Amino acid sequence: MRTLRFLLQKEFRQIFRDPSIIRIIFMMPSIQLLILPWAADYEVKNIQLSVVDHDHSQYSQQMVNKITSSGYFILQDYSGSYGNAMEQIEHDKADLLLEIPAGFEKKLIKENESTLFMAINAINGVKANLGGAYLRSIIQDYNHEVRLKWVQLPRFSPEMQIEVTSSNWFNPLMNYKIFMVPGILVVLVTMVGAFLASLNIVREKEIGTIEQINVTPVKKYHFILGKLIPFWVLGLLILTIGLTIARVAYGIIPVGSLFTIYVFAAVYLLAVLGLGLLLSTYTSNQQQAMLLSFFMMMVFILLSGLYTSVDSMPGWAQAITKVNPVTYFIEVMRMVVLKGSGLNDISSHLFTVLGFAVVLNIWAVINYKKRS
């Protein structure tokens, strides 16, 4: 314990001696957490809409007004020329084209049905899919309103209809910041822990101090613990700062217990830091460690379920998520923050990440080559 205490004193002094490290540890995650949730939003707004109205009837104008007043669409062009509207699409000035045929109102009243044509700019697939879905939903609502007016007239007989109402549990207003902030916080804690831990031993190699440690009676596990514990403490401190920012800036108060979050985070950081230390034992300079850490982080983030659902991924990708510790922490954060889950609910996640921590840290200790 005396040896470990001296190693920890050395590590903390080395960390706090470098002002740039302090800025990276504390300022970078804070700034990113204040900026990223505003961009990481699944809602698509300001969709540029081009309308080709061949009918110019009261019904067509009411439908266009309903679409533009929804808050999702901006009327970029309103004309009677399909060619001009397609030019708007081709020059990326419009995202969707809605063509209203001639006789739209007349056909709707006489034949009880009418058709519309929709062309979607699918270069941006996400915007195209969501924009098309929004437009179809608004048109269906307008159709329902029209039919409801007709039902009140004596010449139309009421028809049986099934109406579906929904209730959003755990996030009633579907606020994506409440959904995204916990996941982004996990990524920031992971990046700081994995990057700094992987660079630490490599930095010792480059400046030559590791040669001095190698000829001392310091055991390998003492050396690994001396590198791991300081960043474990800093990781929990960054998590605390992130939770404070989430509460002050976004009004996010976890439904569950903070104790549950910190218990899981403590185990999770052991796994992530163990991975960083393991990577550092395989690299000889900081550039190699940074590139390897960046590669691992890109895979972890994109296959973590932060932006896309794990269930929608192909089978081979879902298999990778099973060995991705970031996936488990994101799920736990969302479960605790939104749902109020406790330790019993996250026990499987906890023991899985604990297994990762044990394997990675033992591997790092064994792989660290210390000359006697």
Side-chain angles (χ1 to χ4, degrees), residues 35-153 156 159 161 163-166 168 171 173-180 307-309 312:
I35 295 175
L36 292 180
W38 295 95
D41 194 337
Y42 290 143
E43 275 193 320
V44 175
K45 295 182 179 179
N46 300 324
I47 303 170
Q48 304 294 327
L49 176 66
S50 181
V51 176
V52 181
D53 190 355
H54 299 294
D55 194 42
H56 297 288
S57 63
Q58 182 181 359
Y59 274 27
S60 66
Q61 293 176 3
Q62 287 178 353
M63 183 172 63
V64 173
N65 290 335
K66 183 175 180 62
I67 293 171
T68 55
S69 64
S70 65
Y72 293 102
F73 296 91
I74 297 176
L75 187 60
Q76 177 67 28
D77 181 61
Y78 184 85
S79 66
S81 172
Y82 180 81
N84 291 338
M86 281 304 298
E87 287 184 6
Q88 299 288 328
I89 294 281
E90 291 170 356
H91 291 89
D92 289 329
K93 294 181 180 179
D95 301 306
L96 275 82
L97 184 154
L98 178 65
E99 185 178 17
I100 305 173
F104 169 75
E105 180 179 21
K106 183 178 179 181
K107 188 176 180 181
L108 186 63
I109 294 175
K110 285 190 174 182
E111 300 180 16
N112 204 28
E113 64 177 16
S114 188
T115 58
L116 296 170
F117 174 76
M118 186 191 307
I120 304 174
N121 183 358
I123 291 180
N124 187 335
V126 174
K127 194 172 187 179
N129 287 330
L130 290 178
Y134 292 163
L135 187 56
R136 284 190 292 269
S137 176
I138 294 171
I139 293 173
Q140 288 174 359
D141 289 342
Y142 175 74
N143 178 58
H144 179 72
E145 291 177 3
V146 171
R147 295 183 65 84
L148 194 62
K149 292 179 181 178
W150 291 355
V151 164
Q152 297 174 357
L153 299 177
F156 287 93
E159 296 181 358
Q161 294 185 354
E163 184 175 355
V164 178
T165 59
S166 61
N168 301 316
N171 191 1
L173 301 178
M174 292 297 289
N175 186 342
Y176 285 109
K177 293 181 181 62
I178 298 177
F179 177 73
M180 292 301 298
Y307 297 106
T308 56
S309 173
S312 64

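This is a predicted model, so every value here is computed, not measured.
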Report yes or no: does Asn143 contribute a side-chain atom to a donor-acceptor pair with the main-chain N or O of Ile139 at less than 3.5 Å?
no

Member of Asp53, Ile67, Val52 meeting the side-chain contact (heavy atoms from CB on, under 4.5 Å) criterion with Leu98
Ile67

Any residue meeting side-chain hydrogen bond (donor to acceptor under 3.5 Å, both in side chains) with His56, in chain and number order, not counting sequence neighbours:
none

Donor-acceptor pair between Asn84 and Ser79 side chains, under 3.5 angstrom:
no

Between atom CZ of Phe104 and atom CD1 of Ile109, what is the distance when rounded to the nearest 0.5 Å?
10.0 Å

Let me confirm one number: the CG-CZ distance from Asn171 to Phe179, rounded to the nearest 0.5 Å.
9.0 Å

Can you tell me how far the OH atom of Tyr142 sits from the CG atom of Leu116, to the nearest 0.5 Å?
10.0 Å

Of all residues at least two apart in sequence or in a different chain, which pass the side-chain hydrogen bond (donor to acceptor under 3.5 Å, both in side chains) check with Lys66?
Glu145

To the nearest 0.5 angstrom, please state how far the CG atom of Leu108 sits from the OG1 atom of Thr115.
10.5 Å

Distance-minimising heavy-atom pair for Ile120 and Met118
CD1-SD, 3.8 Å

Correct closest heavy-atom pair for Gly80 and His54 would be O-CE1, 3.2 Å

Expected list for residues 85-96: side-chain donor-acceptor pairs under 3.5 angstrom, two or more places apart:
| unit_1 | atom_1 | unit_2 | atom_2 | d |
| --- | --- | --- | --- | --- |
| His91 | ND1 | Glu87 | O | 2.8 |
| Asp92 | OD1 | Asn121 | ND2 | 3.2 |
| Asp95 | OD2 | Gln48 | N | 2.9 |
| Asp95 | OD2 | Lys127 | NZ | 3.1 |

What is the distance from atom OG of Ser50 to atom CZ of Phe73, rounded to the nearest 0.5 Å?
12.5 Å

Return yes if some donor-acceptor pair links the side-chain N/O of Asp55 with the main-chain N/O of Gly103 below 3.5 Å, else return no.
yes

Testing the basics here: between Thr68 and Asn65, what is the closest heavy-atom pair and its distance to 0.1 Å?
OG1-O, 3.2 Å

Looking at every non-hydrogen atom in both residues, tell me the closest pair between Pro37 and Lys177 and how far apart they are.
O-CG, 4.1 Å

I need the Tyr78 OH to Ser60 OG distance, nearest 0.5 Å.
5.0 Å

